Undergrad: 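Attaching a single structure in structure tokens format; questions to follow.
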Amino acid sequence: MLSSEQTLGNLIRDKGRPGRRGYTLPKPDVDEISLENVLPEDALRKEKPRLPEVDEPTVIRHYTNLSRKNWGIDTNFYPLGSCTMKHNPRANEAAAAVPGFAGLHPLQPEDQAQGALRVMHELQVFLSEISGFPAISLQPLAGAQGELTSILMVKKYFEDAGDEGRTNVLIPETAHGTNPATATMAGFNAQSIGLDEHGCVNVEELKEKADETTAALMITNPNTCGVYERNISEIAELLHEAGAFLYMDGANMNANLGRMRPSDAGADIMHFNLHKTFSTPHGGGGPGSGAIACSEKLAPFRPVPVVEKEGESYRFVSPEKTIGRVAGFHGNFGVLLKAWNYIRMHGPELKDVTDMAVLNANYVRARLKGTYRIPYEGPCKHEVVVQPPKGMKALDIAKGLIDHGFHPPTIYFPLVVKEAMLIEPTETESKETLDDFVGAMLELAQSKDLEEAPTKAPTRRLDEAKAARQLKAHW
Ligand SMILES: *Cc1c(COP(=O)(O)O)cnc(C)c1O
């Protein structure tokens, strides 16, 4: 292993030497054009750009070595809970690279982009079948934006109905941080709601809080503890009695495909994370798609445009009372295409994805049980939350996993579980990989000296307080 000085201390600029070149071209045999006659004076450089002066092998090695420091699903197991870091089938990439799709301009007239519109329309139909909802919008570019879009639709619904005074959105303590952020950004008060002993929404508390000031409850099912909200139907009834909506955060749809349809469970509107459930390389802020699904009642408020089929052709239409645009053009088309491809590859066997994901999570759970503490009894869904043995820190185990060649799971989330480690293996991992991971987890639970970990990674453990307070974001 190289020291961090050798691996990170060298910028490509440091490797340059004056006059060194990758290659040189022969002198042109036509007259050179002076840019002064082409560009305005103030657009011309006064000095040469300070580019690194390096030979070609140095450039290739520099960037290849940097890319090899990337941690990704293609290099290692990546059990980051709530993120569904599943393998991304290469068939998706092949579909997305078809020149007719990849080269399509977003302003291309509809009649010249019928294939793309058909893909979008079919995806709307698939998502409708999977969720049980009649209406879809593919516009939002991320899960968080799907949430915001949905809550803005709920808001507009009440405005349209002249129902004033619905100022609150209820949010369970297990919620992802984007839920309260969404409610606040949409202009509501985010009102917290507690849990029962199973880690589920406290129904008694909901009975007290759901009233004529409630616009919606945002629920994630299974919730971020990997626990199925078993009272979901009663929760939906309570909200509907209060005249409010049940919103379902669909980031955990990997646990529901073909097994539970949010509309049957009583939800009114939801978002999908197409980049999680239906595979797309994601992380670092994109690309994503937070497609939404909703009931007839909310359908007129969907953002523009929506794809409609008329006879044999497809066209973009605007829902009657639309909240307007939430993204440029037609959503994140590449991600939509990959989701369409992924769903078609599985067909009616899509439920196997869910079954295997749930089985894998429960296998990890069963093997860690006894050494790690399991805060909630009973089988989990597609992810499991565990706690390290008493006296040990989730952070230390996580850093230790890096030395074992694993990406750490999500830690310190959900907030309701102390020292939480949220493990989501996904359906795409083999038993051997899970055994290796569990082996490392069990070994780390016996380790005494994890404060220094990781010791084998290019960078060592950061002083997190210093990194936050004295951030030096330049070299
Ligand atoms: C990932 C996630 C979100 C947010 O989705 P993004 O696509 O990252 O914006 C919301 N809720 C839950 C439960 C999630 O796991």
Side-chain angles (χ1 to χ4, degrees), residues 73 78-86 88 127 131 137-152 169-186 190 195 199-201 216-229 232 246-257 260 262 267 269-293 326-327 331-332 334-336 338-339 357 361 380-385 409-417 420-426:
I73 190 67
Y78 205 139
L80 197 64
S82 220
C83 293
T84 311
M85 306 299 291
K86 60 172 72 175
N88 300 293
L127 295 180
S131 64
S137 165
L138 304 175
Q139 282 286 300
L141 303 177
Q145 204 192 14
E147 293 174 31
L148 183 63
T149 302
S150 305
I151 297 299
L152 288 174
V169 168
L170 297 170
I171 298 180
E173 279 175 3
T174 39
H176 193 272
T178 50
N179 292 185
T182 287
T184 308
M185 277 187 73
L195 308 180
C200 294
V201 169
L217 167 73
M218 299 180 82
I219 201 167
T220 307
N221 202 13
N223 64 29
T224 62
C225 298
V227 177
Y228 189 79
E229 293 280 353
I232 183 88
L246 179 60
Y247 173 81
M248 196 179 114
D249 179 323
N252 289 344
M253 279 301 282
N254 222 47
N256 298 329
L257 297 176
M260 180 276 240
I269 181 165
M270 66 171 290
H271 85 262
F272 288 94
N273 294 62
L274 298 187
H275 50 289
K276 293 179 181 173
T277 313
F278 303 108
S279 80
T280 262
H282 67 284
S289 172
I292 60 160
V326 297
N332 224 338
V335 181
L336 304 179
K338 288 176 201 185
C380 58
K381 288 291 172 181
H382 66 307
E383 57 192 351
V384 59
V385 62
T410 298
I411 53 172
Y412 299 109
F413 177 80
L415 304 175
V416 289
V417 176
M421 305 189 78
L422 182 62
I423 303 166
E424 180 178 3
T426 85

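For ligands, and for the atoms within them, numbers begin at 1 and follow the listed sequence. Keep in mind that what you see is a predicted model, and the values were worked out from it rather than measured.
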Undergrad: Within a distance under 4.0 Å of any heavy atom of His275, pick out the atoms of ligand 1 and give their elements.
TA: 7 (O)
Undergrad: Please indicate whether Met260 has more than 12 foreign heavy atoms, meaning atoms of other residues, nucleotides or ligands, lying under 6.0 Å from its CE.
TA: yes
Undergrad: Between Lys381 and Ala361, is there a donor-acceptor pair closer than 3.5 Å when you use the side chain of the first and the backbone of the second?
TA: no
Undergrad: Look only at the side chain of Glu424 and the backbone of Thr84, and say whether a donor-acceptor pair between them is shorter than 3.5 Å.
TA: yes
Undergrad: Any idea which atoms of ligand 1 are less than 4.0 Å away from a heavy-atom of Ala251?
TA: 2 (C), 11 (N), 12 (C), 13 (C), 14 (C), 15 (O)
Undergrad: Pick one of side chain, backbone, both or neither for how Gln145 approaches ligand 1, counting any non-hydrogen atom pair under 4.0 Å.
TA: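 Answer for Gln145: neither.
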Undergrad: Which residue holds the protein heavy atom closest to atom 14 (C) of ligand 1, what is that atom called, and what is the gap in Å?
TA: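 Nearest neighbour among protein heavy atoms for atom 14 (C) of ligand 1, to 0.1 Å: Lys276 NZ, 2.9 Å.
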Undergrad: Could you find the nearest protein heavy atom to atom 5 (O) of ligand 1 and give me its residue, atom name and distance?
TA: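 Protein heavy atom at minimum distance: Asn273 ND2, 2.9 Å.
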Undergrad: Of all the atoms in ligand 1, which lie at a distance below 4.0 Å from a heavy atom belonging to Glu147?
TA: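 Checking each atom against Glu147, I get 10 (C), 11 (N).
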Undergrad: On the 0 to 90° scale, with breaks at 30° and 60°, tag the His176-Phe413 ring pair as parallel, tilted or perpendicular.
TA: perpendicular
Undergrad: Could you tell me the separation between the CE atom of Met218 and the CD1 atom of Ile151, rounded to the nearest 0.5 Å?
TA: 4.0 Å
Undergrad: Could you tell me the residue and atom name of the protein heavy atom closest to atom 11 (N) of ligand 1, and the distance to it rounded to 0.1 Å?
TA: Asp249 OD2, 2.6 Å
Undergrad: Drop me the distance from His282's NE2 to Ile73's CD1, to the nearest 0.5 angstrom.
TA: 9.0 Å
Undergrad: Just distances here: any N/O of Cys83 and N/O of ligand 1 closer than 3.5 Å?
TA: no
Undergrad: Nearest protein heavy-atom contact for atom 6 (P) of ligand 1: which residue, which atom, what distance?
TA: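 Minimum-distance protein heavy atom for atom 6 (P) of ligand 1 reads Gly143 N, 3.5 Å.
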Undergrad: Purely on distance, is any nitrogen or oxygen of Thr220 under 3.5 Å from one on ligand 1?
TA: no
Undergrad: Could you tell me the separation between the CG atom of Leu138 and the CG atom of Leu127, rounded to the nearest 0.5 Å?
TA: 6.5 Å
Undergrad: For Thr224, is at least one N or O under 3.5 Å away from an N or O on ligand 1?
TA: no
Undergrad: Counting N and O atoms only, with roles assigned by atom type, does the side chain of Asn223 sit under 3.5 Å from a partner on the main chain of Gly199, one being a donor and the other an acceptor?
TA: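 Confirmed, Asn223 side chain pairs with Gly199 backbone.
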Undergrad: Provide the number and element of each atom of ligand 1 under 4.0 Å from a heavy atom of Ala144.
TA: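 That gives atoms 4 (C), 5 (O), 6 (P), 9 (O) of ligand 1.
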